[in-house]
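Reviewing the structure listed below.
Lettering follows sequence order; numbering is per chain, from 1. Values reported hereafter were calculated over all heavy atoms of this structure, with side chains retained and with hydrogens, waters and symmetry mates removed.
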Amino acid sequence: MNKRSHSIAFWAAVAVFLVAVLTMTQIVRNEYPFFAGYVILQFIALAVAWSILGGYAGYVNFGTNAFFGVGVYTAVALFKATGAPLVVQIAAAAVVGMTLGFGVGLLTLRMRGIFFSIATIALAIIIETFVMNWRFVGGAAGIQIQRPPVMAPFDSYVKMLFFVQAMLAVIAVATARYIQNSRIGRGLQALRDDELAAECTGVPTLKLKLIACMISGALISAAGAPAAMYLQYADPSSAFNLSYSVSALAMALIGGTAHWIGPVLGAILLGSTQQLLAVTISSEVNVLVLGIMLVLFVVGAPKGIIGLLRPRYRLRAGGKQ
Amino acid sequence: MDLLLGAVVLGVLLGCFYAAVSVGLSVSFGLLDVPHVAHPAFLVLASYGVFQLNESYDIDPLLAGLIITPLFFVFGLLAYRVYHETFERRGSDAAVRGIAFFFGIAFIIEVLIILQFGVDQRSVSATYIGKAWRFGEFRIPIRQLVAFAVALALTVLLAVYLSKTFMGRAIRAVAQDEEALRLMGANPVRIKQFAFGIATAVLGIAGALLIIVAPVEPTLDRAYIGRTFCVVVMAGLGSISGTLIAAIILGVAESIVLTLFGASWAPAISFAMLLGVLAVRPQGLLGR
Amino acid sequence: MTTLAAADAPLLQVGTLTKTFGGFTALDNISVEIRKGERFGLIGPNGSGKTTLINCISGALKPQVGSVVFCGENITQLPPHLRARRGIARSFQIPRPFRSMTVLENLMVGLDFAAAGSAAAEEEIAMSILTRMGLAAKAAAPSDTLSQVELRKMELARAMAVRPKLLISDEAMAGLSSSEVDEVLDLLISLGEEDITIIMIEHIMQAVMRFSERVMCLDAGKIIALGAPSEVMANKRVQEAYLGT
């Protein structure tokens with residue numbers, strides 16, 4: 001298949017997916033599938049967004065929770081101050097997340113990868129501390145959110161959030177796919193392999209890393225924005241919970257980061273396992289399973305699930321073979 | 001003013017304690033270049049080991065720390081072995097997976113502790129815990145003094161070991177020029193593995209100090225990611241004397257902020273300093 | 001840019017370049033001019049500053065003192081990728097391929113970023129470079145499966161994909177057999193024939209003698225000889241530096 005027919009197939013699949021999601025919200029009465037499905041869609045968005053920087057560029061972001069929490073609280077603050085609609089909250093969260101990505105990137109992307117990783121943990125703690133001391137959004141105790149009336153064609157807010165999160169997941173996947181197939185993707189792959197060689201071959205490494213960091217940050221914050229509406233509540237320790245970082249990182253690496261489908265597979269697989277485990281066993285075991293899977297995969301299957309499915313999977317699958 | 005002076009004194013004591021918990025990382029990350037983000041998790045694990053020995057057999061926490069030290073040495077050897085075999089020897093994106101590996105290990109340790117001990121705070125009992133020295137207004141808990149003295153001794157001992165003994169100098173050499181060492185007939189991997197063992201073994205005592213200074217909880221390692229990396233980066237990678245100075249700076253800064261602004265801002269101090277150092281002087285305060 | 005005067009002006013002017021690491025002086029007041037189309041050999045014992053000099057030219061390092069002027073433009077402060085776009089390409093002493101890519105994709109990086117054109121044309125150019133280098137059969141091979149000599153050739157091919165005016169080859173023949181050395185040397189000489197200026201760092205003296213129009217010898221960060229290959233080889237200080245009296 002050539003690039004063009006790949007594209008047609010991709011967008012057709014996206015359209016089918018969104019129509020299916022919309023139809024489901026109109027037909028299914030029980031709210032639970034939407035409640036659980038929202039979380040899985042959120043993980044898809046997070047894992048795919050994470051892999052833009054962590055996978056393509058090879059800079060491990062431990063601060064998914066920082067960007068996620070910033071998304072949550074941008075939405076909360078905006079909603080409390082102006083009562084802005086959900087779409088505006090999400091857009092604002094994306095802008096703030098992008099700005100944050102630019103700032104952190106500028107600070108640390110000149111240094112070796114591990115410094116970036118540590119800096120992102122630092123960022124999460126510092127922002128969380130600020131939010132804890134921010135009275136307007138409830139401080140450490142958190143804040144209750146009163147959902148506004150639901151909009152047509154949806155009959156419940158959770159169903160609407162499910163659809164919104166599906167859109168966000170699609171945007172994340174489409175962005176990742178675009179980057180992967182573009183010059184930016186090739187440049188990121190080159191700098192991940194060897195930064196100096198990439199620079200000397202004409203790749204503007206710092207600029208590309210910054211772009212990746214900003215896009216990744218924007219997508220993560222956007223995915224976090226509806227969380228307060230979903231839970232009807234927000235507090236710093238759950239909005240900035242480190243488990244978002246572990247999940248995004250683990251799902252992306254377990255799925256495989258050489259292709260955008262990897263994080264999607266990882267998120268669906270681990271996300272649904274988590275949903276099942278959370279019902280049957282404790283949430284600690286849940287995280288334990290995730291941690292052990294992560295370690296097993298990085299040691300035993302460095303290319304993730306897609307590497308197991310198809311040996312020597314290439315970042316740019318379109319093209320030659 | 002007295003308040004501030006008190007804060008500084010307590011900060012120095014605290015700082016020496018921070019040096020003891022960071023000095024292992026100064027070897028593993030600073031000298032050996034291993035992205036050991038699980039260092040603080042190992043530290044908290046050691047604290048729980050000490051807690052278990054203290055609780056079940058009424059062993060003094062410091063002695064308990066000494067008892068688990070060989071165990072941690074072996075942990076270190078094993079961890080480095082796995083890391084080396086799976087990541088260091090392969091090039092390319094091994095760095096990414098190496099970082100993720102230690103991150104995963106840290107998380108597994110955290111959850112295992114929760115499953116075994118629950119999420120509640122745990123503390124140890126010893127004759128020197130709970131008492132304090134008073135100088136007029138001024139009050140220093142004896143547990144802080146004990147931790148200070150042991151921490152200082154530990155840090156100095158390790159510094160002497162690295163600079164005076166044959167093995168210590170080999171460790172420093174392997175950090176600087178692996179190839180030269182190989183040419184001299186030494187096996188750099190074995191030396192690094194041993195060094196990583198030492199760096200982890202030190203955590204036995206450091207973990208005892210951690211639980212002597214204050215009660216511990218399973219997720220305490222997160223705060224110490226900031227503190228230990230802040231100290232090691234500020235010190236200039238691999239500098240042991242720098243570690244002591246950087247740790248004291250951090251201790252005093254935390255102590256002052258705690259006194260002036262209250263406890264809710266304390267966790268951010270080390271992380272803010274870490275970010276600041278990374279942004280302004282990534283080679284460390286004391287580096288060239 | 002391409003005035004008549006520029007054709008006579010040197011392609012590369014290195015002026016009073018000094019680079020220190022801590023207390024160690026790696027380059028001490030180096031000045032040299034390289035003509036357009038010249039084949040320039042750079043020799044010197046290990047640690048004499050050869051690689052530091054080309055790192056300063058390609059932008060991997062920035063000197064404390066001095067300037068690098070390329071095509072009349074002062075590029076001393078430019079990052080490496082902007083130098084690559086202006087036409088400076090290099091290979092590395094220890095090959096640094098993009099390991100997760102095929103050979104062709106390795107070349108596409110340079111074509112994408114340093115010499116952008118349309119995608120279809122780029123692949124054609126990449127293939128023609130590979131054909132010249134004798135690597136066409138390996139185009140679709142993952143770069144981490146290449147042999148040593150293939151890696152060396154691919155590094156040169158990747159540098160060529162930048163469409164360079166100046167190509168710096170850093171010991172492209174180290175570790176190769178004598179027939180492989182000849183193979184790579186022939187490639188370099190043929191590149192030199194089509195108006196690409198080449199700086200070649202090499203330890204293999206026969207190769208340097210055969211290749212170079214001029215040779216410069218560094219020792220302890222200083223130029224100790226500069227001139228025709230035979231003159232430089234006959235120079236007493238050069239012999240001392242190499243044989244170590």
For A/Val298 and B/Ala100, the nearest pair of non-hydrogen atoms, with its separation, is CG1-CB, 4.1 Å
* Heavy atoms from other residues, nucleotides or ligands near CZ of A/Phe136 exceed 12 (cutoff 6.0 Å) -> yes
Honestly, the part of A/Val246 sitting under 4.5 Å from a heavy atom of chain B is both
d(B/Asp221 CG, A/Leu242 CG) to nearest 0.5 Å is 8.5 Å
The interface call for B/Leu278 against chain A, heavy-atom contacts under 4.5 Å, is both
Taken to the nearest 0.5 Å, the spacing of B/Ile99 CD1 from A/Leu253 CG works out to 10.5 Å
Notebook entry, point to check: Would A/Leu123 and B/Phe271 count as a side chain to side chain contact (heavy atoms under 4.5 Å, CB included) if you check the C-alpha gap in whole Å, the side-chain angles of each, and the deciding distance to 0.1 Å?
Noted result: CA-CA 7 Å; A/Leu123 186 77; B/Phe271 286 103; over 6 Å; no
Heavy atoms of B/Ala268 and A/Thr129 approach each other most closely as CB-OG1, 3.6 Å
If you tally heavy-atom pairs under 4.5 Å between each of A/Ala122, A/Ala119, A/Gly291, A/Ala250 and chain B, the highest tally belongs to A/Ala122
Chain B shares the most heavy-atom pairs under 4.5 Å, among A/Ile127, A/Thr108, A/Leu290, A/Val287, with A/Val287
The interface call for A/Phe297 against chain B, heavy-atom contacts under 4.5 Å, is neither
Turns out that what part of A/Leu288 lies under 4.5 Å from chain B's heavy atoms comes down to both
Filtered by a 4.5 Å non-hydrogen cutoff, the part of residues 102-109 of chain B contacting chain A is B/Phe103, B/Gly104, B/Ile105, B/Phe107, B/Ile108
Looking only at B/Ala223, B/Ala272, B/Gly226, most heavy-atom pairs under 4.5 Å shared with chain A are made by B/Ala272
Under 4.5 Å to a heavy atom of chain B? For A/Ile292 that would be both
One option among A/Val285, A/Val60, A/Ile126 has the most heavy-atom pairs under 4.5 Å with chain B, and it is A/Ile126
Answer key: most heavy-atom pairs under 4.5 Å with chain B among A/Val295, A/Asp194, A/Ile125 is A/Ile125
- B/Phe29 side chain reached by A/Ile114 side chain, heavy atoms, under 4.5 Å: yes
